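Working notes, structure below.
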Protein chains: 2
Amino acid sequence: MGAMDAHQHSTTGTGTATADLARQLRARGLRLTPQREQVLSAVRALGHATPEQIGERVPEVDLTTIYRTLELLEEIGLVRHAHLGHGAPSYRPAEDDHVHVVCHTCGKVVDADPSLVDAMAERLHSERGFLLDRSHFTVFGRCRECAEAE
Amino acid sequence: MGAMDAHQHSTTGTGTATADLARQLRARGLRLTPQREQVLSAVRALGHATPEQIGERVPEVDLTTIYRTLELLEEIGLVRHAHLGHGAPSYRPAEDDHVHVVCHTCGKVVDADPSLVDAMAERLHSERGFLLDRSHFTVFGRCRECAEAE
DNA sequence: GTCGTTGCAAAACGTTTGCACACCG
DNA sequence: CGGTGTGCAAACGTTTTGCAACGAC
């Protein structure tokens with residue numbers, strides 16, 4: 001089991017996940033390996049995952065390789081990461097474009113619409129010429145439940 | 001050298017930094033120690049600092065104590081921390097209320113006005129009852145200089 | 001004198017590096 | 001076959017923990 005995961009993320013329009021990967025790698029003179037397919041597949045299946053969680057799902061791939069692969073996949077533009085707390089970063093498919101909202105008290109993570117930061121992005125751009133990276137972005141605070149429980 | 005730092009942060013209105021600290025500690029049955037005064041003093045003097053940088057400024061205090069003290073000072077509400085990059089967190093006096101804007105490319109950190117996030121805070125609150133913590137907040141992206149250099 | 005607090009040593013945690021072998025193209 | 005990619009082991013930077021001694025109140 002394991003060879004047949006058919007996540008139909010409509011990435012670049014044409015082609016499956018692996019085809020995207022192969023294309024991007026070839027364009028840079030890099031190689032398509034089973035490990036790279038497996039790690040990308042795991043990220044797509046998990047949605048949000050730390051390097052360690054990915055390692056648990058693909059035990060046959062060494063953790064070192066997972067770190068190196070995630071870095072590569074991020075350069076290629078197939079995955080992204082964000083820091084959702086004090087621990088390890090969380091990786092996800094690049095197509096999942098959203099802003100993370102994390103409760104300091106209960107640790108719950110909610111995905112919010114990227115448009116949430118549009119006003120801020122606009123202001124940073126016009127006032128400072130700063131281009132905000134919406135994906136690498138976490139908002140902390142207290143969720144309704146935790147606020148009420150206090 | 002060292003004993004005379006007179007940072008007149010108008011904290012709770014009355015009293016000096018140490019008086020604030022002593023009051024807050026006593027209210028919880030905790031003790032005012034030289035180490036706690038020194039660490040708070042260092043944070044106020046440095047403005048932004050990692051635990052290690054604080055340790056360099058107050059070498060007679062053990063790093064372990066610095067970690068424990070920063071945690072305590074944050075609970076008490078006298079300091080705050082934010083994550084400005086992949087490394088160690090940065091601590092600052094609680095009175096310094098601002099939002100951090102960090103360039104991914106050159107690493108430069110700019111302090112922005114807290115009102116920058118007001119629209120987002122308002123929306124999160126009305127739509128989800130979420131109370132945003134403005135101080136623990138970092139915005140990543142690319143600054144004008146780095147964007148132009150590309 | 002009590003009990004909160006400290007320093008030291010060691011462990012834990014997440015990540016990176018060096019190197020010989022494996023295998024994609 | 002050549003050079004990229006992998007696994008293993010070890011180093012690394014940061015933070016936490018356990019414990020005996022210390023000192024604020």
Side-chain angles (χ1 to χ4, degrees), chain A residues 18-19 21-43 46 48-76 78-79 81-91 107 136 138, chain B residues 18-19 21-43 48-76 78-79 81-91 107 136:
Chain A
T18 298
L21 177 57
R23 197 181 315 132
Q24 294 276 19
L25 288 172
R26 239 178 285 117
R28 306 187 177 215
L30 302 177
R31 294 173 184 170
L32 178 60
T33 66
Q35 288 90 335
R36 287 174 179 171
E37 292 189 65
Q38 284 171 284
V39 170
L40 177 56
S41 197
V43 173
L46 293 169
H48 274 134
T50 63
E52 182 133 29
Q53 290 171 326
I54 295 168
E56 283 164 20
R57 193 165 211 278
V58 195
E60 63 271 32
V61 180
D62 191 88
L63 237 197
T64 304
T65 300
I66 291 178
Y67 278 102
R68 288 190 279 226
T69 303
L70 287 172
E71 190 183 353
L72 173 65
L73 292 177
E74 191 153 36
E75 275 177 41
I76 285 180
L78 294 180
V79 308
H81 82 272
H83 300 274
L84 304 184
H86 286 188
S90 179
Y91 285 81
H136 195 198
T138 307
Chain B
T18 298
L21 177 57
R23 197 180 315 131
Q24 294 277 20
L25 289 172
R26 240 177 284 118
R28 305 186 178 216
L30 302 178
R31 292 173 186 170
L32 178 59
T33 65
Q35 288 90 337
R36 286 175 179 169
E37 291 188 65
Q38 285 171 284
V39 171
L40 178 56
S41 197
V43 173
H48 274 135
T50 63
E52 182 132 29
Q53 291 170 325
I54 295 168
E56 282 165 20
R57 192 164 213 276
V58 195
E60 62 272 32
V61 180
D62 191 88
L63 237 197
T64 304
T65 301
I66 290 178
Y67 277 102
R68 288 189 280 226
T69 302
L70 287 172
E71 191 182 353
L72 173 66
L73 293 176
E74 191 152 36
E75 276 177 40
I76 284 180
L78 295 179
V79 308
H81 83 271
H83 300 273
L84 304 184
H86 284 188
S90 179
Y91 286 80
H136 194 207

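Remember, it's a predicted structure, so these values are computed and weren't measured experimentally. Letters A, B, ... mirror the listed sequences (proteins, then strands); counts begin at 1.
Under the side chain to side chain donor-acceptor pair (under 3.5 Å) criterion, Gln53(B) pairs with Thr50(B), sequence neighbours left out. With sequence neighbours excluded, the residues that form a side chain to side chain donor-acceptor pair (under 3.5 Å) with Gln38(B) are Glu60(B).
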Identify each donor-acceptor pair in which a side-chain atom of residues 81-89 of chain A lies under 3.5 Å from a protein atom, sequence neighbours left out, and give them as a table.
unit_1   : atom_1 : unit_2   : atom_2 : d
His81(A) : ND1    : Glu74(A) : OE1    : 2.9
His81(A) : ND1    : Glu74(A) : OE2    : 2.9
His83(A) : NE2    : His86(B) : NE2    : 3.2
His86(A) : NE2    : His81(B) : NE2    : 3.2
His86(A) : NE2    : His83(B) : NE2    : 3.2

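In this structure, the side chains of Val43(B) and Leu78(B) stay at 4.5 Å or more apart for every pair of heavy atoms. In this structure, Val39(B) and Val58(B) have side chains that are not in contact, with every pair of non-hydrogen atoms separated by 4.5 Å or more. Side-chain contact between Arg28(B) and Ile76(B): present, with at least one pair of heavy atoms (C-beta onward) separated by less than 4.5 Å.
Atom pair Ile66(B):CD1 and dC8(C):C1' shows a separation of 14 Å (rounding to whole Å applied). For the pair Arg68(A) CZ and dC8(D) P, the interatomic distance rounds to 12 Å; values are reported in whole Å. Rounded to an integer number of Å, the gap from Leu72(B) CG to dT6(C) C1' is 13 Å. If you take CD of Gln38(A) and P of dT6(D), they are 10 Å apart, rounded to a whole angstrom. Distance CD (Gln35(B)) to C1' (dC22(D)): 10 Å, rounded to an integer number of Å. Computed from coordinates, the Ile76(B) CD1 to dG4(C) C1' distance equals 13 Å when rounded to whole Å. Here dT15(D) presents its P atom at 14 Å from NE2 of His86(B), a figure rounded to the nearest Å. Residue Leu25(B) contributes atom CG, which lies 13 Å from atom P of dG4(C) at whole-angstrom precision.
Across Ile54(A) and Ala49(A), no two heavy atoms sit closer than the pair CG1-CB, 3.7 Å. Between Leu30(B) and Arg36(B), the shortest heavy-atom distance links the atoms CB-NH1, 4.2 Å. Between Val79(B) and Leu70(B), the closest heavy-atom pair is CG2-O, 3.9 Å.
Between atom CG of residue Leu73(B) and atom CG of residue Leu25(B) there is a gap of 8.0 Å, rounded to the nearest 0.5 Å. Here CG of Leu32(A) is found 12.0 Å from CZ of Arg23(A). Values are rounded to the nearest 0.5 Å.
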Polar-atom pairs under 3.5 Å, protein N or O versus N or O of nucleotides 23-25 of chain D: list them with distances, or write none.
unit_1  : atom_1 : unit_2   : atom_2 : d
dG23(D) : N2     : Arg31(B) : NH1    : 2.5
dA24(D) : O3'    : Leu32(B) : O      : 3.3
dA24(D) : N3     : Arg31(B) : NH1    : 3.4
dC25(D) : OP1    : Leu32(B) : N      : 3.2

Can you name the atoms? Protein N/O to nucleotides 9-15 of chain C N/O, anything below 3.5 Å, with the distance.
unit_1  : atom_1 : unit_2   : atom_2 : d
dG14(C) : OP2    : Glu52(A) : OE1    : 3.4
dT15(C) : OP2    : Tyr67(A) : OH     : 2.4
dT15(C) : O5'    : Tyr67(A) : OH     : 3.4

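In terms of polar N and O atoms assigned as donor or acceptor, the side chain of Arg28(B) never comes within less than 3.5 Å of the base of dG4(C) in a complementary pairing.
When heavy atoms are screened at a 4.0 angstrom cut-off, Glu71(B) is found touching no nucleic acid atom at all.
Comparing the axis of the opening five pairs of the helix from dG1(C)-dC25(D) to dG25(C)-dC1(D) with that of the closing five pairs yields an angle of 30°, rounded to 10°.
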